[in-house]
Structures are given as C-alpha cells and as structure tokens.
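Below: the structure, in structure tokens.
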There are 2 protein chains.
Amino acid sequence: MARAPGKSGQNGPMTHAYPSLTVEVASTVDRVAEELRRALFDGELAAGTPLREVALAESLGVSRPTVREALGVLVADGLAVREPHRGVSVVTPDLAAISDLSRARLVLESAGVRRWAEAGDEARDAVRSTLAAYTRAVTEQRSYAVLNELHLRFHLSLVALAGSERLVAAAETVYAELRLALAQVDRVRRDAHAQPESHLRILTPLEAGDLEAAEAQLCTHLADAEAAIRGALSEVAPKLGP
Amino acid sequence: MARAPGKSGQNGPMTHAYPSLTVEVASTVDRVAEELRRALFDGELAAGTPLREVALAESLGVSRPTVREALGVLVADGLAVREPHRGVSVVTPDLAAISDLSRARLVLESAGVRRWAEAGDEARDAVRSTLAAYTRAVTEQRSYAVLNELHLRFHLSLVALAGSERLVAAAETVYAELRLALAQVDRVRRDAHAQPESHLRILTPLEAGDLEAAEAQLCTHLADAEAAIRGALSEVAPKLGP
DNA sequence: GATCGTCAGATTGTCAGACAATGAGCCGAA
DNA sequence: TTCGGCTCATTGTCTGACAATCTGACGATC
C-alpha cells in the first residue's frame, strides 16, 4: 500500500486543532491481525488449519516478520495455538473448551448483573441501548454478522456493569474464542434470531430491581447457549468425550 | 492452557516416554520476556521507563526482532504500554488502575469461593496446600520474593475453584499488573508478613461450608489489600485522584 | 516576546535475505 | 513389519537496511 514513493499530499497546515479527531491509521500488524480475525470469524479457515508464515506473507503482501507478529496476537487472543517449530494453527474447540468458556462468561456476566445497582448510569444506559440496537437489528432482518456483533456487544455491556476494564478485556477474549467456535459449527446460525426476548427477560427484572431473577434468567440463557454449541459441536466432531 | 491434546505419538527415538520430563528449552523470546518480567517485578525499572529496543537487544545479547517480540508479550500482559512510533514503556499505575484491578480480582476470587462445594477435590486440595506452603514459608522467614510468589499462588488457587482455565489466565494477568504496582511502591513489603491468619480466615469457613462468611472475609481481605496499595501509591505519587 | 516552520538526531515500523534447528514424510534395510 | 537415515518444508533467529515518525532545538515571522 505505502509503496508509492511519495504520499506527497502535505496536509499539515491545519489552522485549528480540533479535539478528538483521530485519523485511524492502524499499523500493518494490526491490519493483518484484523484480516485474519475476520477470516476466522467468517469460517474461511477450518479448525486446525495451519497458518503458514510465508504463504500468508506473500498472500497479504507484507513481510514475514509482520505476519509473525500478527500471528502472535491471534495466539494471545486464544484464537490460534503455537507449537514450537510447528507453527501456528487455528484452534480446534472441543467440549472441554466450550464448557470452560461458558463457565467463564457466566462468572463475568453474573458479576456485572449483580452490580447493577452500584454501576454507573452510563453503564446501565449502555445495557439498554445495546439491547435496543440488537432488537431493532433483528426486526430489520439485518445480516448474521451484524446481529452477531450486536448480540456480543450486549453481553459485553453486562460485563461492563462490574466496573472493571480488565474484566471487560478478559470477556472480549472469551467471546472471541466462543465466536470462533460458533463460526466453525455454522449450522447454529439459524438460531440467531430467536434471541431478543430471551435477553429482555434479563433486562426486565434488572430494571425492576430483582437481581436474583435477572441472574437466574442469565444463568438459563447461558446454559441454553452452551447446550446449543455443544450439540452442534458434537454433531460436527462426534469423536470427543470424557 | 490447553496444549496439544494427547495425540503425540511415540515416534521419537526415545525408547521410553517418561511422564512429565520436560526439557526446559524455552524459546529466546520467552527467556527475554521472563528476564524483563523479573526486572519489572524486582523494581529495577521505574514506572514510565522507556524500554528501548536496540539498547535491550545489545544488553541481552539478542537481536532486535527478538526483543521486539518479547516487548509485545509484556504489552499483552498489561505490564507495559506501546504508543505508536514512541515505543514501549513501563506502565505507571494510578489509583484508577488499582481500583480496576481490585474489582476484577474480587469478582474472580469470589466466583471461585462461591463454587467451593462444586469444585473438584484436587482444586480444593490445591487451596489447602498453597495456603500451607505459604504459612510454612512465613514461619521459616523466607525471602520476600518467595513469600510474594506463594501468596499469589494461593489467590490463584481460589480462582481455579471456578473451574475455568480462562478465568485463571485472566487472573494471572491481573496479578501480574498488581505485582508490578506493588514493586513500584516497594515500601509495602514490610506488610507482607502479616498475611497468613488473614487467609486462614477465608479457608476456615470454607471447610465448614459457610460460603457467605468466606466470601465476606475475602471481601474485607481484598479491600484491605487495595487500601494498602492505594495508600502507598498516593504517598509515592500524590498528584493523582479526583 | 510568543508562535510557528524547519531541520537534525533518535527511535520505531517494516522490509529483505539468510542460516541453523527442528519436525514430517519417504524410502530402503534388517 | 519395523527401524533407521535421508530429504524437504517450516520455523526461530540473526543481520542489515530504509522509510516514517517523534522529539527537541534553532531561527524566522508577527
């Protein structure tokens, strides 16, 4: 991209310094990592697929160190695994991983729900607005990718109620891994429309101040989600088990 | 973390496959990252210190890409921050970060405590043994580094009660950041000996099946820890805070 | 005197090429 | 068949290089 010898456009002499105007120039590594993430979430790479450095480098038009660093990001996010001298490959989610992830998200989200009363107004508003956006997108028959994105955003807003950025960051990696598992068993996609009322059953008791009911609803909702993924996964790969 | 599931065949030239005999031949990047971590935890690098790539490379006898990758690990762990074209520098913990971290660890550890009954026997035994090891180390007047390590290991074993490796991994990064904050205000070290009975007040009700009491004890313990760090930090950097 | 443009130095971001170490698969021999 | 060695592919690491950008100081302009 930046191969042309001169981006001669000198756009420097701005007369005013406007606040909070950031030009989103992500680094090459970030762009590569984002592209790989997209490919993973879109199911273009099956579980266990090795991610060869040289092939990716010439395919994406960047150098091998750049690809290597981007792969490190994916590994840190839990979307890929690196084995010494064998390279990086897409994770293969098994039932144990789904169980682990589901337990983690239950802990994170219920912690947020339990702090509904103590959370800030903006955090509570975020929960309301993300659910509204998700519901609206469902009625508007938006694409699966959009629905998925808004759905996850709602659950993230629940975690944010706990008031810790670190917990939200942890939840983001959990959701990334779950999202990848979903992409690899993409038959679950048709279920993605039945969700809004299930989420509303969480928010309604919250607004009413009934934290226990909200937590119970969340618990069943997450248990249902786990069961759906487990079912789809065991159909796809019926070889696992204790 | 879940490494390769046991599909590693016996095709090696070794005649016997001894269990749990690992040759600790970590990669160069891991060694560099570990060395940097040690330096950070030992307080050899003050908050905000820039970590220059070339200087570290020739100081450690490795190449710049290797250092660069190791710095990426530190950034991913939250121990350093990277600013575009300005490099990586040691994080400077402020009161907001301490608050954030404390809330996160409260969520993670109380989630573990709450699942004491449902946790596996080995997880409960791990809590007992780590506390015993810590107590023994205190009576034996071990070094501060050893005490710190065992202390953290006990709290990690609490998180492990929740039964999710991802949560334990998240807790590890939280503790890493907290540990760094502690190292930077190292006047708190003298308090490190007064802890065993405080932890025993958590375990005792657990063994008795009184989860609420255990959680309450944990809450006060963590609140005390946060107050101690906050106090030390505001002495060191008395410029922050609304 | 203050603000701004410009320049040199330092540092990072990215690239290209290279080499050794390691792992995987193939083929021949006991 | 099973074992041992060979070849190839891939990664881990190094060296060197260049462009983009930040920092700080110097001088010009109002």
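Bear in mind that the values here come from a model prediction, so they are computed numbers and not experimental data. Residue numbers start from 1 in every chain, and the chains themselves are labelled A, B, ... in the order their sequence lines are given, proteins ahead of strands.
Of the possible polar contacts, one joining the A:R103 side chain to the B:G163 backbone as a donor-acceptor pair under 3.5 Å is found. No donor-acceptor distance shorter than 3.5 angstrom exists from the side chain of A:S59 to the backbone of A:L56, with no hydrogens or angles considered. Using a distance-only test at 3.5 Å, with no hydrogens or angles considered, a donor-acceptor pair links the side chain of B:S164 to the main chain of A:D100. In this structure, A:R105 contributes its side chain and A:Y175 its backbone to no donor-acceptor pair below 3.5 Å.
Going from atom CG of B:D30 over to atom C1' of D:dT13 covers 13 Å, rounded to whole Å. Between A:E69 atom CD and D:dT11 atom P there is a gap of 16 Å when expressed in whole angstrom units. Going from atom CG of B:L71 over to atom C1' of C:dT11 covers 13 Å, rounded to whole Å. Distance CD (A:E83) to P (D:dG12): 11 Å, rounded to an integer number of Å. Following rounding to the nearest Å, B:R82 (CZ) and C:dT12 (P) show an atom-to-atom distance of 9 Å. Atom CZ in A:R52 sits about 11 Å away from atom P in D:dG12, given to the nearest Å. Rounded to an integer number of Å, the gap from B:E53 CD to C:dA10 P is 16 Å.
Contacts of B:R68 with the nucleic acid, taken as non-hydrogen atoms under 4.0 Å apart, include base atoms. Here A:L51 lies in heavy-atom contact (under 4.0 Å) with sugar-phosphate atoms only.
Between A:R230 and A:E226 a salt bridge is recorded (basic side-chain N to carboxylate O distance below 4.0 Å).
When the side-chain nitrogen and oxygen atoms of B:T66 are compared with OP1 and OP2 of D:dG12, none of them lie within a distance under 4.0 Å. Note on A:R64: every side-chain N or O is 4.0 Å or more away from OP1 and OP2 of C:dC15. Look at B:T28 and you'll find a side-chain N or O under 4.0 angstrom from OP1 or OP2 of D:dT13.
Here the side chain of B:H85 is nearest to one of D:dT15, D:dT21, D:dT11, namely D:dT21. When distances are taken from the side chain of B:V62 to each of C:dG13, D:dG12, D:dC14, the shortest belongs to D:dC14.
Comparing B:P65 and B:R86 against DNA chain C, the residue whose closest nucleotide sits nearer the 5' end is B:R86.
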